[in-house]
Engineer: 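Can you read through this structure? Questions will come right after.
Bear in mind that the values here come from a model prediction, so they are computed numbers and not experimental data. A note on names: the letters A, B, ... follow the listed sequences, proteins ahead of strands, and every chain is numbered from 1. Worth knowing before you read on, the calculation uses all heavy atoms, side chains too, and leaves out hydrogens, waters and symmetry mates.
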Amino acid sequence: MTLDEPFAPAERLAARLAIWRQRLRATPLVDLLALLLDVSEPLGPLGAQVLWVAQPALGLMVSREAVADLAQVLERPGGVAWDVPDDFEEHARYVLDRVRTAIDDIDGIMTENEVFLARCRGLSPVTPEQAINWGFSGPMLRATGVKHDLRRAEPYSIYDRFDFEIPVGTQGDVYDRYLVRLEEMRQSIRIVDQALRQMPKNGPIMASGLKRTIRVPPGEVYARTESPRGEYGVYIVSKGGDKPWRHKVRAASFCNLSALRNMVVGNYVADAIIILGSIDIVLCEVDR
Amino acid sequence: MLGILRALGTVVSAALRKPATVQYPTEKKQLPHRARGFPTLLWDFERDEPFCTGCQVCARYCPTDCMTVTMRDNPKYAEGKSPRRKIVDKFFIDYARCMRCDICVEVCNFDAIVMDNTWRSVELSRYDRQELVMDLDALLKPSRTGQLKDPFRDAMGVAHHGWAPRKAEEEKEKVAAAEE
Amino acid sequence: MIGNNPWLDGILRLLVVAVAVPLSVIVLNYLERKVIGRVQNRLGPMRVGPYGTLQSVADTIKLLTKEDVRPSTADQWSFELAPYVVVVPTIVALVTVPIMPDLFIRNLGLGLFFIVAVSTVPIVGFVMAGWGSDNRYALLGAMRSAAQLISYEVPLILAVVAVAMVAHTADGGRGTLNLTEIVDGQDKVPYIFWQSLAFFIFTVAGLAELYRHPFDIPVAESEVVGGPFVEYSGMRWAMFQLGEYVSLVLISLLGALVFLGGWNWPLVNELAERNAVAGTALQAVLMLGKTSFFILFFFLMRAAMPRLRVDQLMAFSWQVLLPLSFYQIIVNGLVVVYGWPDVVLGVLSGLGLLAGSALTYRAVRKPTMVRRPRPVAARQGSEVKV
C-alpha cells in the first residue's frame with residue numbers, strides 16, 4: 001500500500017525499516033538500489049509549487065516522466081525483486097541530465113524573476129520556533145533555518161556513505177521554500193551520481209533468511225524516513241504473528257497542512273493559494 | 001528587470017530545444033523491456049501447445065480473482081509428443097479487474113504466463129466491458145503470432161524461500177559455482 | 001487614390017482590411033499555440049491539417065456551431081452589444097495605421113490621437129459584459145478589467161504622445177501626430193534609441209492593455225473564472241478573442257511604426273534609390289519583421305511570467321509607470337523648447353529607464369508593500385527538542 005506514487009520508494013522503505021529493524025540486516029546492494037529509486041524526490045513538490053504560477057512547470061513533467069521510466073525494479077521487504085537492467089547506469093545518467101536541464105530551466109525562469117519575487121517574497125514568514133511548534137518537517141522546516149534532515153540526523157539505509165549538503169533558508173517564507181526545494185533537487189542529483197559510481201557490479205539483491213510470511217516478535221517500532229515533503233513515519237505495533245496490530249502512518253503533508261490557518265490569516269485570498277501550493281500537500285497522504 | 005530578461009532568455013533557449021513529444025499514434029515511444037502490461041500466455045513452439053497446464057496456481061493467488069482456469073488431459077502426452085500430462089482447457093482473464101500486480105507471473109510453476117510488454121496490452125479501449133474478458137485464444141495470440149518478441153522473464157528474486165521457481169534455483173547455483 | 005474615386009478607394013481598402021484582419025487573427029492564434037508549445041518542450045497543434053495549421057479554423061467552426069447560451073436574467077442590450085463594443089473600435093483604429101507607405105485606409109493628420117481615442121472605447125464594452133451577465137463574479141472581473149485598462153491607458157498614451165512631441169516632421173520641425181510622418185522621421189535612427197524609456201513604458205502598458213501575462217488577472221481562468229466573459233459562449237466568446245488578437249496586432253504595429261522605425265530603417269532609402277522593387281520588398285520585410293518581434297515578445301512573456309496580483313498591478317502602474325512617463329514628457333518638452341539635439345534626449349531617457357529598473361528591483365527585493373500580518377499566537381504546545 002503506497003500513498004503517493006512515484007514517491008512510494010521512500011514510504012515503502014519506511015515500512016520495511018519498521019518491519020525488520022531489529023532482526024535483519026539488509027545487504028548493501030539492496031539499500032543502494034532502494035536509494036536509486038528516490039531520484040524523483042523533490043521534483044514533484046517543486047512542480048506543485050510552481051504549477052500555479054507559470055507554464056514552465058509543464059516542462060518539468062517531462063523530466064518527471066523520465067524519472068518514472070527509471071523505476072524498473074520492484075521493491076520487496078528485504079531487497080528487490082530483480083537486479084537492475086544492463087543499461088541502467090546509462091539510462092540513469094541520461095535521466096539525470098534531463099532533470100538537471102529542467103532544474104536549470106526553472107532556476108532561470110523563476111528565481112530572479114521580479115514578478116515571482118513580488119508575489120512570493122515575504123509571504124507568510126515562519127520563525128524556527130513556530131515551525132517546530134507547528135510540527136513542520138522537511139523543506140518547510142529547513143526553509144525557516146532549522147538544519148534538520150533525517151538523512152543526517154538519523155542516517156538510515158546507506159545515506160551515511162554520501163556527501164551532500166542540506167540547504168537551509170533564512171526567513172521561512174514561500175520564496176525560501178522554493179529555493180530550498182530547488183537546491184535539494186540539485187543535492188539529490190549529486191547523491192544519485194555518487195550512488196551510481198558506488199554501485200557494485202553484482203551482488204546479492206535480497207536479504208537471506210526471509211520467509212514468505214514475515215513474522216515479527218511482539219513489540220512496537222517507529223521508523224521514519226525523509227520523504228520529499230518531510231518526515232514520513234510508520235508506527236507498527238505487533239502482537240506476534242504475521243499481521244500488524246496497529247499500523248499508523250505519520251504523513252508529513254498532514255502535519256504541515258495543519259498549520260495552514262496560522263500561515264494564511266492576515267494575507268490576501270490570492271496569496272492563500274500560493275501558500276497552500278508552497279506547503280506542497282499530497283492529498284492522499286492528508287486524507288489517508 | 002534583469003530577472004525578467006534572464007527569464008526570457010531561458011524561455012527562448014527552452015523553445016529552441018527539440019521537443020519531447022512522441023506523436024502517438026503515428027509514432028510510439030519504445031516501451032522498456034520490463035514494461036508491465038497485462039498478463040498473456042506463452043506458446044511453446046517446439047511442441048506446438050501452450051506452456052500453461054491449467055494448474056490454477058495463478059488463479060488462486062490472484063488478489064482480484066480475475067482468472068478462471070480449467071484443465072484437461074493432454075492428448076499429446078498420450079501420443080508421446082509432449083511431457084505435459086495436463087494442458088489448459090479454458091483460460092479467462094478479465095482485464096477489467098486485473099491490476100497487473102505480477103503475482104501470477106511470480107507464482108507460475110511453468111513460466112507460462114508473462115506480462116505483455118508491447119503496446120497491444122496498453123491499447124485496450126473497448127466499447128463494451130465484456131470485450132475485456134480475454135479467452136484462451138486472445139491470450140495466446142501475442143505469443144503465437146510473434147508480436148511478443150521479447151518478454152521479460154527474469155526470475156523474481158528469491159523472495160519466498162521454500163518454493164522459489166526451479167529456474168531461479170538453478171541460476172543461483174550456476175552463479176555460485178561460477179564465483180568459486 | 002484607386003480609380004480617382006474616393007468611394008471606390010475607401011471601400012476597396014476597407015475590404016482589404018476586413019479580409020486581412022480575421023486572417024491574421026487565425027494565423028496568430030495558431031502561432032501562439034505553437035510558440036508556447038515549443039517553450040514548454042512540446043509541439044503544439046499537429047493533427048488538424050498539415051502541422052496543425054487548420055487548428056484555428058477548426059476552433060472557429062466549433063465556436064460558430066455552439067449553442068447560444070444566455071442567462072435569462074441578463075440585461076439584453078448590455079449583454080448582447082458588449083462583444084461588438086469591444087471588437088469594433090479596435091478594428092476601426094486600424095483605419096489609420098499605415099502598414100506600408102501606401103497601404104492604409106486613410107492617413108489622418110491626427111492619426112495617433114484617433115487611435116488612442118478609439119482604443120479606449122472597449123473599456124466600456126468590458127463593463128457592459130460584466131454588468132449584463134448578471135453574475136457577481138463577472139461584475140467583479142469587469143470592474144477589475146476596467147480598473148486595469150484605465151490605469152494602464154494613461155502611461156500608454158503619455159508614452160506615445162511623448163514620442164509624438166519630438167518626432168521629426170517633414171518640414172524639419174518637431175511634433176506630429178501623423179503616423180506616416182513619424183515613420184518618415186526615423187530614416188536615420190529609430191526612436192527606440194532616443195526614447196528608450198518611452199519604449200519600455202509602451203511595451204509594459206501594452207502588455208497590460210492586451211491582458212497578457214503578467215497582467216492577465218481579469219481573464220485568468222484559475223483566479224476569476226474568466227472574469228467578465230464567464231457567461232459568454234460560442235460566437236460571442238469568439239468575438240472577444242478576435243478583439244484581443246486584433247488589439248495585439250494594433251499594438252504591435254504601433255510599436256513597430258513609432259519606435260522601431262517601421263518601414264524606413266535601416267537602409268531603405270538607399271536601396272529604394274537604386275531599385276524601387278527591391279526597396280518595396282525590403283520595406284515589407286522590415287515591417288513584417290518588426291511587428292513579429294513585438295508579437296513574439298508578447299507570446300514569450302506569456303510563457304515566462306507568473307501573474308501579478310491585482311493590487312501589485314495597480315501599484316505598478318500608478319507608482320512607477322506614471323511618474324516615469326511624466327518624467328519623459330518633461331524631458332521631451334525641455335528638448336523641444338530649448339532645441340537640444342536628439343542625443344540629449346537619448347541620454348536622459350536612458351537614465352530614466354535605469355532609474356525605473358532600479359526602483360522596481362528595490363521594490364521586489366525588499367517588500368515594502370504593506371501586508372497586514374496579524375500575529376497569530378502560536379498554540380502553546382510542548383517544546384519539541386529536535
Engineer: To the closest 0.5 Å, what do you measure between OG1 (B:Thr10) and CD (A:Glu112)?
Structural biologist: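 Interatomic distance, B:Thr10 OG1 to A:Glu112 CD, rounded to 0.5 Å: 10.0 Å.
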Engineer: Near B:Arg126 CZ, under 6.0 Å, is it more than 12 heavy atoms from other residues, nucleotides or ligands?
Structural biologist: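 Count over threshold, so yes.
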Engineer: Kindly compute the distance separating CG (A:Asn113) from CZ (B:Arg6), expressed to the nearest 0.5 Å.
Structural biologist: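 Result: 10.0 Å between the selected atoms.
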Engineer: Nearest 0.5 Å, please: how far is OG in B:Ser13 from CG in A:Asp104?
Structural biologist: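 If we round to the nearest 0.5 Å, A:Asp104:CG and B:Ser13:OG are 9.5 Å apart.
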Engineer: Is the number of heavy atoms from other residues, nucleotides or ligands within 6.0 Å of NZ (B:Lys81) greater than 12?
Structural biologist: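 No, because the 6.0 Å sphere around NZ of B:Lys81 holds 12 heavy atoms or fewer from other groups.
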Engineer: Kindly give the heavy-atom pair with the smallest separation between B:Ala20 and A:Arg98, and that separation in Å.
Structural biologist: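 Residues B:Ala20 and A:Arg98, closest heavy atoms: CB-NH2, 3.7 Å.
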Engineer: Using a 6.0 Å cut-off, check whether atom NZ of B:Lys76 has over 12 heavy atoms from anything other than its own residue.
Structural biologist: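 Correct, the count exceeds 12.
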Engineer: Inspect the surroundings of CD in B:Glu27 and state if more than 12 heavy atoms from other residues, nucleotides or ligands are less than 6.0 Å away.
Structural biologist: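 Yes, enclosed.
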